[in-house]
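Reading through the structure tokens given below for one structure.
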Amino acid sequence: MNAARLYLLLNVFLSAGVLVHTFEPVTTTVVFGVAAALGRTIYNYLHESCDSKWIAFNATGLEVDLESKLFGQHIASRIILKAVTGFMSNENPKKPLVLSLHGWTGTGKNFVSQMIADNVYKEGMDSSFVHIFTSELHFPHLSHFDTYKTQLQQWIKGNVSNCARSMFIFDEMDKMHPGLIDSIKPYLDYYDKLDGVSYRKAIFIFLSNAGGEGIIEKALDFWKEGRNREELELKDLETVLSLAVFNNKRSGLWHTSLIDKNLVDFFVPFLPLEDRHVVQCVMAEMKARGLRPEQKVADQVARDVVYFPKSERVFSVKGCKTIASKLDYYT
């Protein structure tokens, strides 16, 4: 609906109140009915609602975003694209989509969550149907554990009741109190409905640094053997990753029934980033700012990043996390 049509509807709606006094009772009822219908149309145009106008998956957009904005993550890109596309294309999924993203800081976990939201919801991360939980902010006190469990269940049930295509992002899973996430286990399982509510069209994304050490170790082994990192496959990391997360006592997924009952659809590894990937991040950031990407500036920023192991300088300690602030210094 364009602006001109909306303006016309508003005029008709406002005129209805004036015209109603000149009509007979029956006609008055019709006018009120028309006015109410117009009111609903205008409201739905201006306010986000749980329908195809506001929620429409753009598979091509997600693919382009992953290819052009996410660097050094061939495994994650492939899994995310296939998993989300397959799920969103299924009108009757058997369970919610559950993704667990793991890797060192600055490798793209939050960025990928944003890409998914941007290509599912018209409002992206600002959508009222996208809900973000951060462990240290929302669940800081162990003494309130039982309260958090109840609140979390109520929050998810209430929001999925409002919109089946809701998305829940749990950040800092490695800092969440172990056992808390198990409170939502029934909502992730193969149930048609629970208390009249179906959760099968919802998306749950867990973000965690847990398991990052194992991913780095595997990537470093490949580098030491002179092998191309693009040869790394999910099968090389998935089992090691799931076990590392399951057995990590400091992780919110420690001994969780979500893993024990195979309710996590994919454990997605994010590899540590090399110098060339940092350069790509800088070039992309310059482009996003409307600046002309300069290779010299990108190389300079990348050189100032801290790498490990110290002697070989193979992987960026903070991935691309500090690129934006560092670029401010050079532009």
Side-chain angles (χ1 to χ4, degrees), residues 62-81 101-116 118 171-172 174 207-238 240-241 244 267-331:
L62 179 59
E63 183 175 12
V64 170
D65 282 349
L66 290 169
E67 288 180 355
S68 62
K69 299 177 182 178
L70 184 67
F71 307 114
Q73 305 299 349
H74 65 285
I75 299 175
S77 293
R78 191 181 309 125
I79 298 171
I80 295 298
L81 182 61
L101 315 187
H102 299 267
W104 213 240
T105 184
T107 52
K109 301 184 298 296
N110 289 87
F111 197 25
V112 163
S113 300
Q114 178 184 325
M115 289 181 189
I116 295 173
D118 286 344
D171 199 3
E172 300 179 343
D174 47 306
L207 311 179
S208 177
N209 290 346
E213 295 86 351
I215 296 172
I216 289 172
E217 185 177 339
K218 195 70 176 180
L220 197 56
D221 286 343
F222 263 58
W223 178 82
K224 289 178 179 178
E225 294 169 6
R227 300 173 65 182
N228 192 323
R229 68 186 273 135
E230 278 68 32
E231 293 178 28
L232 267 169
E233 298 180 17
L234 178 60
K235 65 181 181 181
D236 298 317
L237 296 163
E238 190 172 35
V240 174
L241 180 57
F267 288 92
V268 186
F270 280 71
L271 302 174
L273 301 181
E274 299 174 4
D275 172 87
R276 57 191 170 111
H277 304 125
V278 175
V279 169
Q280 288 178 299
C281 288
V282 180
M283 296 288 275
E285 179 65 21
M286 285 191 282
K287 184 177 179 181
R289 295 186 183 189
L291 303 174
R292 181 170 61 86
E294 295 185 32
Q295 187 69 46
K296 183 178 179 181
V297 173
D299 290 339
Q300 198 168 15
V301 173
R303 277 197 298 273
D304 282 353
V305 169
V306 179
Y307 295 88
F308 71 95
K310 285 186 178 181
S311 56
E312 292 92 346
R313 288 173 54 87
V314 183
F315 301 127
S316 169
V317 171
K318 296 183 179 179
C320 286
K321 193 166 188 175
T322 60
I323 292 306
S325 59
K326 287 184 178 296
L327 185 58
D328 291 336
Y329 179 77
Y330 292 97
T331 56

Quick one: do D275 and R313 satisfy side chain to side chain contact (heavy atoms under 4.5 Å, CB included)? Show the steps, please.
CA-CA 8 Å; D275 172 87; R313 288 173 54 87; 5.6 Å; no

Any salt bridge (Lys or Arg N to Asp or Glu O under 4.0 Å) involving residues 104-113? Give me the pairs, sequence neighbours left out, ordered by first then second residue.
none

Should R229 and H277 be marked as a side chain to side chain contact (heavy atoms under 4.5 Å, CB included) after you check the CA-CA gap, both sets of side-chain angles, and the distance that decides it?
CA-CA 12 Å; R229 68 186 273 135; H277 304 125; 3.5 Å; yes

Between R276 and E274, is the salt bridge (Lys or Arg N to Asp or Glu O under 4.0 Å) condition met? List the steps.
CA-CA 6 Å; R276 57 191 170 111; E274 299 174 4; 3.0 Å; yes

Taking the side chain as everything from C-beta on, heavy atoms only, tell me whether I75 gets closer than 4.5 Å to V268.
no

Less than 4.5 Å apart, any side-chain heavy atom of L327 and any of V297?
yes

Heavy-atom check, side chain of K218 versus side chain of V240, under 4.5 Å
no

Measuring from N209:CG to F270:CZ, what's the distance to the nearest 0.5 Å?
11.5 Å

Can you name the closest pair of heavy atoms from M283 and A298 and give their distance?
SD-CB, 3.7 Å

With sequence neighbours excluded, what pairs up with R289 under the salt bridge (charged side-chain N to carboxylate O under 4.0 Å, His left out) test?
E285, D328

Less than 4.5 Å apart, side chain to side chain, heavy atoms only: is that true for K318 and W104?
no

Verdict with reasoning, F71 to V279, per side chain to side chain contact (heavy atoms under 4.5 Å, CB included):
CA-CA 10 Å; F71 307 114; V279 169; over 6 Å; no

Please report the C-alpha distance between Q73 and L273 in whole Å, then the side-chain angles of each, then the deciding distance to 0.1 Å, and finally whether the side chain to side chain contact (heavy atoms under 4.5 Å, CB included) criterion is met.
CA-CA 9 Å; Q73 305 299 349; L273 301 181; 3.5 Å; yes

So, using salt bridge (charged side-chain N to carboxylate O under 4.0 Å, His left out) as the criterion, who are the partners of D236 when residues are at least two apart?
none

